[in-house]
Amino acid sequence: MNSLPETLEGWLARLETLHPVTIDMGLERVRRVRDAMGLAPGFPLIIVGGTNGKGSVCAMVSTILARAGYKVGTYTSPHLVRYNERVALNMQPVDDACLMRAFATVESGRGETGLTYFEFGTLAAMQVFIEAGVDVAVLEVGLGGRLDAVNVFDPDVAVVTSVDLDHQAYLGNTREAIGYEKAGIFRAGVPAICGEAEPPASLVEHAKAIGADLRLFGQAFGFTRLDNQWSFHMGAVHRHALPIPVLRGGYQLVNATVALAAVECLRERLPVPIGAVKRGLLEVDWPGRFQILPGRPVVVLDVAHNPHAARALVASVRQLGFAENRYAVFSMLSDKDVKAVVDIVRDEFDAWFVGGLDMPRGQSGTELARTLAEAGVRNVESAETVDEAWQAALSRAGENDRIVVFGSFHTVAAVMQARQRNG
(Lines give C-alpha, C1' and ligand atoms only; values in the text may rest on other atoms or scores of the structure.)
Protein backbone atom coordinates (compact mmCIF):
# COMPACT_ATOMS: atom_id res chain seq x y z
CA MET A 1 0.00 0.00 0.00
CA ASN A 2 1.22 3.47 -0.83
CA SER A 3 1.79 5.79 2.10
CA LEU A 4 -1.48 7.25 3.34
CA PRO A 5 -2.26 10.96 3.01
CA GLU A 6 -1.54 13.09 6.06
CA THR A 7 -4.30 15.67 5.50
CA LEU A 8 -8.01 15.49 4.72
CA GLU A 9 -7.38 17.38 1.48
CA GLY A 10 -4.83 14.73 0.53
CA TRP A 11 -7.34 11.98 1.23
CA LEU A 12 -10.06 13.65 -0.85
CA ALA A 13 -7.65 14.07 -3.75
CA ARG A 14 -6.79 10.36 -3.45
CA LEU A 15 -10.46 9.35 -3.43
CA GLU A 16 -10.97 11.13 -6.75
CA THR A 17 -8.40 8.87 -8.45
CA LEU A 18 -9.37 5.43 -7.13
CA HIS A 19 -11.96 4.65 -9.81
CA PRO A 20 -11.92 5.44 -13.53
CA VAL A 21 -15.40 7.01 -13.51
CA THR A 22 -17.10 9.36 -11.05
CA ILE A 23 -20.41 7.48 -11.00
CA ASP A 24 -20.46 3.68 -11.38
CA MET A 25 -23.89 2.36 -10.52
CA GLY A 26 -23.93 -1.00 -8.74
CA LEU A 27 -23.56 -2.51 -5.29
CA GLU A 28 -21.23 -5.49 -5.74
CA ARG A 29 -17.98 -3.62 -5.04
CA VAL A 30 -19.39 -1.73 -2.06
CA ARG A 31 -20.84 -4.92 -0.56
CA ARG A 32 -17.49 -6.64 -0.91
CA VAL A 33 -15.68 -3.89 1.00
CA ARG A 34 -18.49 -3.57 3.56
CA ASP A 35 -18.14 -7.26 4.37
CA ALA A 36 -14.33 -7.09 4.47
CA MET A 37 -14.62 -4.23 6.97
CA GLY A 38 -17.26 -6.04 9.01
CA LEU A 39 -19.58 -3.05 8.87
CA ALA A 40 -22.74 -4.28 10.56
CA PRO A 41 -24.57 -1.42 12.30
CA GLY A 42 -26.40 -2.49 15.41
CA PHE A 43 -28.54 0.66 15.55
CA PRO A 44 -31.64 1.68 13.57
CA LEU A 45 -31.11 3.20 10.12
CA ILE A 46 -33.34 5.72 8.39
CA ILE A 47 -32.50 5.92 4.68
CA VAL A 48 -33.86 8.92 2.80
CA GLY A 49 -34.10 9.15 -0.99
CA GLY A 50 -36.05 11.32 -3.40
CA THR A 51 -35.56 13.91 -6.12
CA ASN A 52 -35.80 16.94 -3.84
CA GLY A 53 -36.24 17.54 -0.11
CA LYS A 54 -34.19 14.60 1.12
CA GLY A 55 -31.48 16.75 2.70
CA SER A 56 -34.05 18.86 4.55
CA VAL A 57 -35.84 15.72 5.77
CA CYS A 58 -32.54 14.26 6.98
CA ALA A 59 -31.78 17.48 8.84
CA MET A 60 -35.20 17.63 10.51
CA VAL A 61 -35.23 13.95 11.50
CA SER A 62 -31.71 14.21 12.89
CA THR A 63 -32.35 17.41 14.83
CA ILE A 64 -35.59 16.10 16.35
CA LEU A 65 -33.93 12.85 17.44
CA ALA A 66 -30.92 14.71 18.83
CA ARG A 67 -33.19 17.02 20.83
CA ALA A 68 -34.83 13.88 22.24
CA GLY A 69 -31.46 12.95 23.70
CA TYR A 70 -30.26 10.38 21.18
CA LYS A 71 -26.81 10.32 19.62
CA VAL A 72 -27.50 10.72 15.91
CA GLY A 73 -25.21 10.08 12.95
CA THR A 74 -26.17 11.89 9.74
CA TYR A 75 -24.69 11.27 6.30
CA THR A 76 -25.66 13.68 3.51
CA SER A 77 -24.30 14.86 0.18
CA PRO A 78 -23.07 16.88 -1.51
CA HIS A 79 -21.42 19.34 0.84
CA LEU A 80 -21.51 23.10 0.34
CA VAL A 81 -18.16 24.32 1.67
CA ARG A 82 -16.34 21.54 3.58
CA TYR A 83 -16.45 17.77 3.10
CA ASN A 84 -16.92 17.39 6.87
CA GLU A 85 -20.53 18.60 6.44
CA ARG A 86 -21.36 15.20 4.97
CA VAL A 87 -20.67 13.27 8.18
CA ALA A 88 -22.20 14.70 11.34
CA LEU A 89 -22.78 13.62 14.93
CA ASN A 90 -25.78 15.38 16.44
CA MET A 91 -25.74 17.68 13.38
CA GLN A 92 -22.17 18.82 14.07
CA PRO A 93 -19.64 17.96 11.32
CA VAL A 94 -16.95 15.56 12.50
CA ASP A 95 -13.35 16.76 12.51
CA ASP A 96 -10.63 15.96 10.00
CA ALA A 97 -8.91 13.41 12.24
CA CYS A 98 -12.11 11.39 12.64
CA LEU A 99 -12.66 11.28 8.89
CA MET A 100 -9.05 10.37 8.19
CA ARG A 101 -9.20 7.42 10.59
CA ALA A 102 -12.31 6.16 8.86
CA PHE A 103 -10.78 6.65 5.41
CA ALA A 104 -7.74 4.64 6.49
CA THR A 105 -10.01 1.81 7.67
CA VAL A 106 -11.83 1.75 4.33
CA GLU A 107 -8.51 1.81 2.49
CA SER A 108 -7.31 -1.17 4.50
CA GLY A 109 -10.52 -3.08 3.88
CA ARG A 110 -10.91 -2.48 0.17
CA GLY A 111 -7.79 -4.36 -0.97
CA GLU A 112 -7.73 -4.22 -4.75
CA THR A 113 -11.39 -3.21 -5.07
CA GLY A 114 -11.92 0.14 -6.75
CA LEU A 115 -14.42 2.50 -5.14
CA THR A 116 -15.85 5.78 -6.35
CA TYR A 117 -15.52 8.94 -4.25
CA PHE A 118 -19.11 8.57 -3.00
CA GLU A 119 -18.82 4.85 -2.29
CA PHE A 120 -15.63 5.34 -0.29
CA GLY A 121 -17.24 8.18 1.66
CA THR A 122 -20.38 6.17 2.39
CA LEU A 123 -18.43 3.31 3.94
CA ALA A 124 -16.28 5.78 5.89
CA ALA A 125 -19.39 7.49 7.28
CA MET A 126 -20.76 4.19 8.56
CA GLN A 127 -17.37 3.43 10.12
CA VAL A 128 -17.53 6.79 11.93
CA PHE A 129 -21.04 6.09 13.24
CA ILE A 130 -20.16 2.59 14.49
CA GLU A 131 -17.03 3.87 16.25
CA ALA A 132 -19.00 6.74 17.80
CA GLY A 133 -21.66 4.37 19.14
CA VAL A 134 -24.63 6.29 17.75
CA ASP A 135 -28.18 5.41 18.75
CA VAL A 136 -29.51 5.93 15.22
CA ALA A 137 -28.15 6.91 11.80
CA VAL A 138 -29.83 8.90 9.04
CA LEU A 139 -28.41 8.26 5.57
CA GLU A 140 -29.18 10.31 2.47
CA VAL A 141 -29.21 8.51 -0.87
CA GLY A 142 -26.76 10.04 -3.31
CA LEU A 143 -28.37 9.15 -6.64
CA GLY A 144 -31.48 7.08 -7.29
CA GLY A 145 -31.70 4.41 -4.64
CA ARG A 146 -31.64 0.87 -6.00
CA LEU A 147 -27.98 1.00 -7.04
CA ASP A 148 -26.78 3.73 -4.69
CA ALA A 149 -23.97 2.87 -2.27
CA VAL A 150 -26.18 3.68 0.75
CA ASN A 151 -28.44 0.79 -0.29
CA VAL A 152 -25.91 -1.82 0.86
CA PHE A 153 -27.31 -1.14 4.34
CA ASP A 154 -30.81 -2.29 5.30
CA PRO A 155 -33.07 0.49 6.60
CA ASP A 156 -35.44 0.26 9.53
CA VAL A 157 -37.37 3.07 7.85
CA ALA A 158 -37.08 3.97 4.16
CA VAL A 159 -38.20 7.38 2.91
CA VAL A 160 -38.80 8.67 -0.62
CA THR A 161 -39.52 12.40 -0.39
CA SER A 162 -40.51 13.11 -4.00
CA VAL A 163 -40.15 11.72 -7.51
CA ASP A 164 -39.42 13.97 -10.48
CA LEU A 165 -37.02 14.31 -13.39
CA ASP A 166 -33.32 14.56 -12.54
CA HIS A 167 -30.22 12.49 -13.32
CA GLN A 168 -32.07 11.07 -16.33
CA ALA A 169 -28.87 9.66 -17.84
CA TYR A 170 -28.69 7.23 -14.91
CA LEU A 171 -32.29 6.85 -13.75
CA GLY A 172 -34.45 7.12 -16.88
CA ASN A 173 -36.50 9.78 -18.63
CA THR A 174 -39.89 9.25 -16.97
CA ARG A 175 -41.30 9.48 -13.44
CA GLU A 176 -42.19 5.79 -13.71
CA ALA A 177 -38.59 4.78 -14.43
CA ILE A 178 -37.24 7.08 -11.73
CA GLY A 179 -39.87 5.96 -9.23
CA TYR A 180 -38.74 2.36 -9.61
CA GLU A 181 -35.12 3.36 -8.91
CA LYS A 182 -36.12 5.37 -5.84
CA ALA A 183 -38.21 2.48 -4.50
CA GLY A 184 -35.12 0.28 -4.51
CA ILE A 185 -34.41 1.32 -0.90
CA PHE A 186 -37.66 -0.30 0.31
CA ARG A 187 -37.48 -3.59 2.21
CA ALA A 188 -39.99 -6.33 3.01
CA GLY A 189 -41.94 -5.62 6.17
CA VAL A 190 -40.19 -2.28 6.72
CA PRO A 191 -42.05 1.08 6.83
CA ALA A 192 -41.71 2.84 3.46
CA ILE A 193 -42.66 6.52 3.75
CA CYS A 194 -43.49 8.39 0.54
CA GLY A 195 -43.96 12.17 0.51
CA GLU A 196 -46.15 12.12 -2.59
CA ALA A 197 -49.92 11.68 -2.58
CA GLU A 198 -49.80 10.27 -6.13
CA PRO A 199 -46.40 8.61 -6.62
CA PRO A 200 -45.53 6.76 -9.82
CA ALA A 201 -47.30 3.40 -10.14
CA SER A 202 -43.88 1.75 -10.40
CA LEU A 203 -43.05 2.79 -6.83
CA VAL A 204 -46.36 1.50 -5.45
CA GLU A 205 -46.11 -1.75 -7.39
CA HIS A 206 -42.56 -2.43 -6.24
CA ALA A 207 -43.53 -1.81 -2.62
CA LYS A 208 -46.41 -4.30 -2.95
CA ALA A 209 -44.28 -6.86 -4.78
CA ILE A 210 -41.68 -7.04 -2.02
CA GLY A 211 -44.12 -6.62 0.88
CA ALA A 212 -42.93 -3.21 2.08
CA ASP A 213 -45.16 -1.33 4.53
CA LEU A 214 -45.94 1.59 2.18
CA ARG A 215 -47.36 4.73 3.77
CA LEU A 216 -48.36 7.55 1.43
CA PHE A 217 -48.60 11.24 2.23
CA GLY A 218 -52.25 12.32 2.36
CA GLN A 219 -53.43 8.78 3.05
CA ALA A 220 -51.47 7.11 5.86
CA PHE A 221 -50.21 10.41 7.26
CA GLY A 222 -50.58 14.14 6.71
CA PHE A 223 -50.91 17.57 8.27
CA THR A 224 -53.45 20.29 8.96
CA ARG A 225 -52.35 23.95 8.86
CA LEU A 226 -53.90 26.36 11.35
CA ASP A 227 -52.63 29.96 11.10
CA ASN A 228 -49.08 29.94 12.52
CA GLN A 229 -49.05 26.33 13.67
CA TRP A 230 -49.93 22.90 12.37
CA SER A 231 -50.91 19.39 13.40
CA PHE A 232 -49.48 16.05 12.29
CA HIS A 233 -51.46 12.82 12.10
CA MET A 234 -50.48 9.24 11.33
CA GLY A 235 -52.98 6.57 12.26
CA ALA A 236 -53.81 6.95 15.95
CA VAL A 237 -50.87 9.33 16.47
CA HIS A 238 -51.57 13.06 16.58
CA ARG A 239 -49.09 15.87 17.28
CA HIS A 240 -50.85 19.19 17.82
CA ALA A 241 -49.79 22.85 18.06
CA LEU A 242 -46.53 22.33 16.19
CA PRO A 243 -44.45 25.36 15.15
CA ILE A 244 -43.94 26.13 11.48
CA PRO A 245 -40.47 24.78 10.54
CA VAL A 246 -37.71 27.37 10.70
CA LEU A 247 -36.52 26.24 7.25
CA ARG A 248 -38.07 28.63 4.74
CA GLY A 249 -40.21 27.64 1.77
CA GLY A 250 -43.80 26.42 1.62
CA TYR A 251 -42.66 22.89 0.71
CA GLN A 252 -40.88 22.54 4.07
CA LEU A 253 -44.18 21.79 5.80
CA VAL A 254 -44.53 18.68 3.64
CA ASN A 255 -40.89 17.80 4.38
CA ALA A 256 -41.56 18.23 8.11
CA THR A 257 -44.58 15.93 7.85
CA VAL A 258 -42.46 13.29 6.11
CA ALA A 259 -39.77 13.68 8.76
CA LEU A 260 -42.27 13.18 11.58
CA ALA A 261 -43.69 10.11 9.84
CA ALA A 262 -40.20 8.60 9.78
CA VAL A 263 -39.66 9.41 13.46
CA GLU A 264 -43.03 7.91 14.41
CA CYS A 265 -42.15 4.63 12.67
CA LEU A 266 -39.38 4.13 15.23
CA ARG A 267 -41.35 5.28 18.27
CA GLU A 268 -41.18 1.92 20.05
CA ARG A 269 -37.37 1.87 19.85
CA LEU A 270 -36.75 5.62 19.96
CA PRO A 271 -39.64 7.41 21.67
CA VAL A 272 -39.66 11.17 21.09
CA PRO A 273 -41.52 13.63 23.37
CA ILE A 274 -43.50 16.49 21.83
CA GLY A 275 -41.03 19.02 23.23
CA ALA A 276 -38.21 17.48 21.19
CA VAL A 277 -40.34 17.64 18.05
CA LYS A 278 -41.05 21.33 18.57
CA ARG A 279 -37.44 22.17 19.37
CA GLY A 280 -36.22 20.20 16.38
CA LEU A 281 -38.52 22.08 14.01
CA LEU A 282 -37.42 25.42 15.42
CA GLU A 283 -33.70 24.72 15.72
CA VAL A 284 -32.93 22.74 12.56
CA ASP A 285 -30.23 24.37 10.44
CA TRP A 286 -29.83 23.40 6.78
CA PRO A 287 -28.09 26.11 4.74
CA GLY A 288 -28.71 26.77 1.07
CA ARG A 289 -32.34 25.66 0.99
CA PHE A 290 -34.31 28.87 0.38
CA GLN A 291 -32.01 30.49 2.93
CA ILE A 292 -32.64 34.22 3.36
CA LEU A 293 -29.58 36.13 4.49
CA PRO A 294 -29.89 39.01 6.96
CA GLY A 295 -29.59 42.59 5.72
CA ARG A 296 -30.31 44.52 2.53
CA PRO A 297 -30.71 43.86 -0.32
CA VAL A 298 -32.64 40.67 0.29
CA VAL A 299 -30.44 37.71 -0.70
CA VAL A 300 -31.84 34.20 -1.14
CA LEU A 301 -29.61 31.13 -1.48
CA ASP A 302 -31.21 28.03 -2.97
CA VAL A 303 -29.58 24.92 -4.42
CA ALA A 304 -32.50 24.34 -6.83
CA HIS A 305 -31.11 22.56 -9.89
CA ASN A 306 -33.99 20.71 -11.55
CA PRO A 307 -37.52 21.59 -12.73
CA HIS A 308 -39.25 20.26 -9.61
CA ALA A 309 -37.06 22.38 -7.35
CA ALA A 310 -37.40 25.38 -9.68
CA ARG A 311 -41.19 25.31 -9.33
CA ALA A 312 -40.83 25.24 -5.54
CA LEU A 313 -38.38 28.15 -5.72
CA VAL A 314 -40.83 30.24 -7.75
CA ALA A 315 -43.66 29.59 -5.28
CA SER A 316 -41.45 30.60 -2.34
CA VAL A 317 -40.02 33.72 -4.03
CA ARG A 318 -43.52 34.96 -4.80
CA GLN A 319 -44.35 34.87 -1.10
CA LEU A 320 -41.54 37.32 -0.33
CA GLY A 321 -43.42 40.31 -1.67
CA PHE A 322 -42.29 43.29 -3.71
CA ALA A 323 -38.73 44.05 -4.79
CA GLU A 324 -37.84 47.01 -6.98
CA ASN A 325 -35.37 44.99 -9.03
CA ARG A 326 -35.10 41.22 -9.08
CA TYR A 327 -31.69 39.76 -9.89
CA ALA A 328 -30.61 36.17 -10.50
CA VAL A 329 -27.09 34.90 -9.85
CA PHE A 330 -27.11 31.64 -11.76
CA SER A 331 -25.00 28.70 -12.86
CA MET A 332 -25.87 25.09 -13.62
CA LEU A 333 -23.95 21.96 -14.54
CA SER A 334 -23.97 20.84 -18.16
CA ASP A 335 -25.84 17.58 -17.49
CA LYS A 336 -28.82 19.40 -15.98
CA ASP A 337 -31.90 20.59 -17.90
CA VAL A 338 -30.96 24.27 -17.95
CA LYS A 339 -33.63 25.30 -20.44
CA ALA A 340 -36.46 23.65 -18.47
CA VAL A 341 -35.36 25.38 -15.27
CA VAL A 342 -34.99 28.77 -17.00
CA ASP A 343 -38.44 28.44 -18.58
CA ILE A 344 -39.95 27.97 -15.12
CA VAL A 345 -38.20 30.87 -13.35
CA ARG A 346 -37.67 33.39 -16.17
CA ASP A 347 -40.53 35.73 -15.18
CA GLU A 348 -39.19 36.11 -11.64
CA PHE A 349 -36.09 38.12 -12.64
CA ASP A 350 -35.41 41.44 -14.31
CA ALA A 351 -31.71 40.72 -14.92
CA TRP A 352 -29.45 37.69 -14.83
CA PHE A 353 -25.80 37.43 -13.76
CA VAL A 354 -24.34 34.10 -14.87
CA GLY A 355 -20.93 32.71 -13.99
CA GLY A 356 -18.93 29.66 -14.95
CA LEU A 357 -18.17 26.63 -12.80
CA ASP A 358 -14.61 25.41 -13.32
CA MET A 359 -15.13 21.73 -12.65
CA PRO A 360 -16.19 18.51 -14.38
CA ARG A 361 -19.65 19.04 -15.89
CA GLY A 362 -19.28 22.79 -15.33
CA GLN A 363 -20.21 25.36 -17.97
CA SER A 364 -18.65 28.70 -18.77
CA GLY A 365 -20.52 31.94 -18.21
CA THR A 366 -20.51 32.47 -21.98
CA GLU A 367 -22.14 29.09 -22.61
CA LEU A 368 -24.82 29.78 -20.01
CA ALA A 369 -25.50 33.24 -21.43
CA ARG A 370 -25.92 31.68 -24.89
CA THR A 371 -28.40 29.12 -23.52
CA LEU A 372 -30.41 31.87 -21.84
CA ALA A 373 -30.42 33.93 -25.03
CA GLU A 374 -31.67 30.90 -26.99
CA ALA A 375 -34.45 30.57 -24.41
CA GLY A 376 -35.46 34.17 -25.07
CA VAL A 377 -34.10 35.63 -21.84
CA ARG A 378 -32.87 39.21 -22.14
CA ASN A 379 -30.68 41.34 -19.89
CA VAL A 380 -28.03 38.70 -19.18
CA GLU A 381 -24.51 39.56 -18.01
CA SER A 382 -21.92 36.79 -18.08
CA ALA A 383 -18.79 36.44 -15.94
CA GLU A 384 -15.95 33.97 -15.81
CA THR A 385 -16.84 32.75 -12.32
CA VAL A 386 -19.87 32.65 -10.02
CA ASP A 387 -17.95 34.87 -7.58
CA GLU A 388 -17.60 37.55 -10.27
CA ALA A 389 -21.28 37.21 -11.20
CA TRP A 390 -22.19 37.61 -7.52
CA GLN A 391 -20.03 40.72 -7.15
CA ALA A 392 -21.60 42.23 -10.28
CA ALA A 393 -25.11 41.63 -8.95
CA LEU A 394 -24.17 43.01 -5.55
CA SER A 395 -22.74 46.20 -7.07
CA ARG A 396 -25.93 46.72 -9.08
CA ALA A 397 -28.45 45.99 -6.35
CA GLY A 398 -29.99 48.63 -4.11
CA GLU A 399 -31.42 48.09 -0.65
CA ASN A 400 -34.94 47.54 -1.98
CA ASP A 401 -33.85 44.91 -4.51
CA ARG A 402 -33.62 41.12 -4.27
CA ILE A 403 -30.87 38.73 -5.39
CA VAL A 404 -31.61 35.01 -5.76
CA VAL A 405 -28.58 32.72 -6.04
CA PHE A 406 -29.48 29.30 -7.48
CA GLY A 407 -28.84 26.56 -10.02
CA SER A 408 -26.44 24.22 -8.21
CA PHE A 409 -24.89 23.34 -4.88
CA HIS A 410 -21.66 24.65 -6.40
CA THR A 411 -23.27 28.00 -7.25
CA VAL A 412 -24.49 28.52 -3.68
CA ALA A 413 -21.17 27.31 -2.26
CA ALA A 414 -19.24 29.81 -4.39
CA VAL A 415 -21.30 32.71 -3.04
CA MET A 416 -21.02 31.43 0.55
CA GLN A 417 -17.25 31.28 0.19
CA ALA A 418 -17.13 34.74 -1.38
CA ARG A 419 -19.10 36.16 1.53
CA GLN A 420 -16.75 34.50 4.01
CA ARG A 421 -13.70 35.97 2.26
CA ASN A 422 -15.21 39.42 2.10
CA GLY A 423 -16.58 39.42 5.64
Between [atom1] of [X] and [atom2] of [Y], what distance do you get to the nearest 0.5 Å?
X	Y	atom1	atom2	result
M332	T371	CE	OG1	10.0 Å
Q363	L368	CD	CG	4.5 Å
M126	T122	CE	OG1	9.0 Å
T224	L242	OG1	CG	10.5 Å
E107	L18	CD	CG	6.0 Å
S408	D302	OG	CG	11.5 Å

Between the side chain of [X] and the main-chain N/O of [Y], is any donor-acceptor distance below 3.5 Å?
X	Y	result
Q252	G249	no
S56	G53	no
R34	V152	yes
N151	G184	yes
R239	V237	no
S395	A392	yes
D135	K71	yes
T161	G49	yes
T411	S331	yes
T76	E140	no

Mind checking whether [X] and [Y] have side chains closer than 4.5 Å, heavy atoms only?
X	Y	result
V48	L139	no
Y70	P271	yes
T257	F221	yes
C265	R215	yes
V412	L80	yes
T385	D358	no
V33	L115	yes
M416	L301	yes

In F353, F406, F349, W390, the residue satisfying ring-ring contact (aromatic ring centres under 6.0 Å, His included) with F330 is F406
Hey, is [atom1] on [X] packed in by over 12 heavy atoms from elsewhere, all under 6.0 Å?
X	atom1	answer
D95	CG	yes
R248	CZ	no
Q417	CD	yes
E283	CD	yes

Under 4.0 Å between a side-chain nitrogen and a carboxylate oxygen: does that hold for [X] and [Y]?
X	Y	value
E264	R267	yes
R402	E348	no
R361	D335	yes
R296	D401	no
D148	K182	no
R269	D156	yes

Report task. Among N90, V72, L89, find the residue that satisfies the side chain to side chain contact (heavy atoms under 4.5 Å, CB included) test when tested with V134. Result ->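 So, applying the side chain to side chain contact (heavy atoms under 4.5 Å, CB included) to V134 and each of N90, V72, L89, only L89 qualifies.
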Query raised in the report: Where do F118 and S77 land on the side chain to side chain contact (heavy atoms under 4.5 Å, CB included) test, with the steps shown first?
Result: CA-CA 9 Å; F118 181 79; S77 64; 3.4 Å; yes
Take K339 and D337 through the test salt bridge (charged side-chain N to carboxylate O under 4.0 Å, His left out) and record every step on the way to the result. CA-CA 6 Å; K339 188 177 184 303; D337 195 343; over 6 Å; no
Looking only at the side chains, is there a donor atom on one of E176 and S202 sitting less than 3.5 Å from an acceptor on the other?
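Yes, a side-chain donor-acceptor pair sits under 3.5 Å.
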- prompt: Would you say the side-chain atoms of N306 and N52 include a donor-acceptor pair closer than 3.5 Å?
  reply: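 A pair is found: one side chain offers a donor N or O, the other an acceptor, under 3.5 Å apart.
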Do you know the tightest heavy-atom contact between [X] and [Y]?
X	Y	value
P44	L270	CG-CD1, 4.2 Å
Y251	A312	CD2-CB, 3.6 Å
P307	V341	N-CG2, 3.8 Å
F129	A88	CE2-O, 3.6 Å
G114	R29	O-NH1, 3.0 Å
A104	L4	CB-CD1, 4.0 Å

Please determine whether side chain to side chain contact (heavy atoms under 4.5 Å, CB included) holds for the pair V163 and E196, giving the CA-CA distance in whole Å, both sets of side-chain angles, and the decisive distance to 0.1 Å.
CA-CA 8 Å; V163 181; E196 297 221 355; 4.2 Å; yes
ask   = Checking side chain to side chain contact (heavy atoms under 4.5 Å, CB included) for the pair L214/V204: CA distance, chi angles, key distance, verdict?
value = CA-CA 8 Å; L214 183 61; V204 176; 4.1 Å; yes
Practice task
Take the angle between the ring planes of H240 and H238 and call it parallel below 30°, perpendicular above 60°, tilted in between.
Solution key: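 Rings of H240 and H238: parallel, as their planes differ by under 30°.
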- Query: With under 30° as parallel and over 60° as perpendicular, where do the rings of Y83 and Y117 fit, or are they tilted in between?
  - Reply: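 The rings of Y83 and Y117 stand perpendicular, inter-plane angle above 60°.
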*Go through R82 and D96 one step at a time and tell me if the salt bridge (charged side-chain N to carboxylate O under 4.0 Å, His left out) criterion holds.*
CA-CA 10 Å; R82 298 172 62 234; D96 290 7; 3.8 Å; yes
Please determine whether ring-ring contact (aromatic ring centres under 6.0 Å, His included) holds for the pair H305 and F409, giving the CA-CA distance in whole Å, both sets of side-chain angles, and the decisive distance to 0.1 Å. CA-CA 8 Å; H305 56 272; F409 280 83; 5.8 Å; yes
Requested in this report: Kindly determine whether I46 and L266 satisfy side chain to side chain contact (heavy atoms under 4.5 Å, CB included), including the steps that lead there.
Outcome: CA-CA 9 Å; I46 301 172; L266 289 177; 3.7 Å; yes
